[in-house]
Protein chains: 2
Amino acid sequence: MDNEILKYLSKYIPITKELEEEISKIEFIKCFDKGTVLLEEGKISNECYFIIKGCIRSFYLKDGEERTTEFHTEEQAVVPSAYGSNVPSEYYLECIEDTITGVGTPELETEIYQKFPQIESLNRALGEAIMAKQQDSFAEFKMASHEEKYLALLKNRPDLLQRAPQHQIASYLGIKPESLSRIRKRIMNQK
Amino acid sequence: MDNEILKYLSKYIPITKELEEEISKIEFIKCFDKGTVLLEEGKISNECYFIIKGCIRSFYLKDGEERTTEFHTEEQAVVPSAYGSNVPSEYYLECIEDTITGVGTPELETEIYQKFPQIESLNRALGEAIMAKQQDSFAEFKMASHEEKYLALLKNRPDLLQRAPQHQIASYLGIKPESLSRIRKRIMNQK
DNA sequence: TGAAGCCGTTGACTTAAGTTAAGAAAGACC
DNA sequence: GGTCTTTCTTAACTTAAGTCAACGGCTTCA
């Protein structure tokens, strides 16, 4: 099976011949160079992405300063919150690496859900699971010290620290680059 | 329409006679006194709740200290992250007011989804919308000062500050009760 | 090769939150 | 009514993050 999206789906639901044909037919792969901006603040977004390879950073501007909200990597879906709603986006999507994605649209989604209701079921179940996980990690995050947040990131997504520049990591953690630098120094000295 | 759940559903999808009969038949209303613990750490949970009236607080224990993760109020669903999964819960659910809820189970859910796929579609769509909102507010929360977090809560959920004791609000904001007290004093003096 | 920018680090200073402890106010219970 | 508990506030001290500024390393590009 050389289709990444089918490979992903097969983890959760049986892939029928019919489903395989349909998905192969409609899958729409796009490649983006590092630095490509997929969505800008104020623009309407009608695409969502499933990352096959690479990293997409979402961030918004506050007082001219970039605030990173997420780093999306392999096997993750990127659904702009304004996706399909005709509401201008409040944030940016930027590829911080060369990135290969499957691209979806609201129309395509509707079509697939009609033909394959089990995929909508899957998305509901996955969505609920992701939401519960989000709530848990939000709770952890709220009470953690900045150092603990950094250590948690180091543990859960060690690759990110290699893939993204440190000041972006800092804004993702909700701290200033200077603080992150000091935290790293402190941890080094403790060892 | 005297059924709160139907009233809620009718905001999003047309209520057919058949749907109305079915939901009325299966709806299971329970009332709980203030102080009732609906779920304890370590217990399996097989119920989810839709709050008609009241307030349910979810929290977990860390080093013997309660950490409030959410205050669920009217028209909100409370789905324990371990719901239907046979995994012991990591947190508690407690009614901090007399509370009236609709109660759901995984079996009931499956049954409803089979009979009324449009409800599963609705749940998927609502889930995605809630998730996007969660991500946005998480992003705001990360970069906000403690004072800004308090002011945001004051603005978005002013009722909570009347309904829950201050130390629970503090742990919900991720700060110590002493800090919240100081922040409130600071704000009062500024006015 | 040299100038300009970006990035991470460091230092000095300010500000605010955590910690510990104590006390006042309000409620619950007997 | 009086005691006990819970809740909130206040104070003194410690610790760490924000702010501002400077510097060195590295890349880019003319």
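Just the heavy atoms: all of them, side chains too, but no hydrogens, waters or symmetry mates, feed the values below. First the proteins, then the strands, lettered A, B, ... as listed; each starts at 1.
- Residue Gln168(A) contributes atom CD, which lies 14 Å from atom P of dC6(C) at whole-angstrom precision.
- Note: Phe138(A) and Phe141(B) meet the aromatic proximity criterion, with ring centroids under 6.0 Å apart.
- Straight-line distance from the OH atom of Tyr150(A) to the P atom of dG8(C): 12 Å, rounded to whole Å.
- For Arg182(A) against dG8(C), no side-chain N or O and base N or O form a donor-acceptor pair under 3.5 Å.
- Rounded to whole angstrom, the span from the CD atom of Glu147(B) across to the P atom of dG18(C) amounts to 14 Å.
- Comparing atom distances between the Glu178(B) side chain and each of dA17(C), dA21(C), dC20(D) picks out dA21(C) as nearest.
- With dA17(D), dC8(D), dA21(D) as the candidates, the nucleotide lying closest to the side chain of Ile183(A) is dA17(D).
- Rounded to an integer number of Å, the gap from Lys176(A) NZ to dA21(D) P is 15 Å.
- The side chain of Gln166(A) places an N or O atom within less than 4.0 Å of a non-bridging phosphate oxygen (OP1 or OP2) of dT9(C).
- Taking atom CE of Met188(B) as the reference point, atom C1' of dT9(D) lies 13 Å away to the nearest angstrom.
- Regarding Glu148(A), its CD atom lies at a distance of 18 Å from the P atom of dA17(C), rounded to whole Å.
- The residue among Ser181(B) and Ser179(A) whose nearest nucleotide of DNA chain D is located toward the 5' end is Ser181(B).
- Here Arg182(B) does not pair with Glu178(B) in a salt bridge; the nearest charged N to carboxylate O distance is not below 4.0 Å.
- Considering only side-chain N and O atoms, Arg186(B) lies under 4.0 angstrom from the phosphate OP1 or OP2 of dA17(C).
- Between Lys149(A) and dA16(D) there is no side-chain polar atom (N or O) within less than 4.0 angstrom of OP1 or OP2.
- At the phosphate of dC8(D), OP1 or OP2 sits under 4.0 Å from a side-chain N or O atom of His167(B).
- When rounded to the nearest whole Å, the span between CG of Leu173(A) and P of dG8(C) equals 13 Å.
- A salt bridge is absent between Glu90(B) and Arg67(B): the closest approach of a Lys/Arg side-chain nitrogen to an acidic carboxylate oxygen does not fall below 4.0 angstrom.
- Residues Glu74(B) and Lys53(B) are paired through a salt bridge, judged by an N-O separation under 4.0 Å between the basic side chain and the carboxylate.
- In this structure, Leu180(A) atom CG and dG8(C) atom P are separated by 9 Å, rounded to whole Å.
- Other residues, nucleotides and ligands contribute only 12 or fewer heavy atoms inside 6.0 Å of the NZ atom of Lys17(A).
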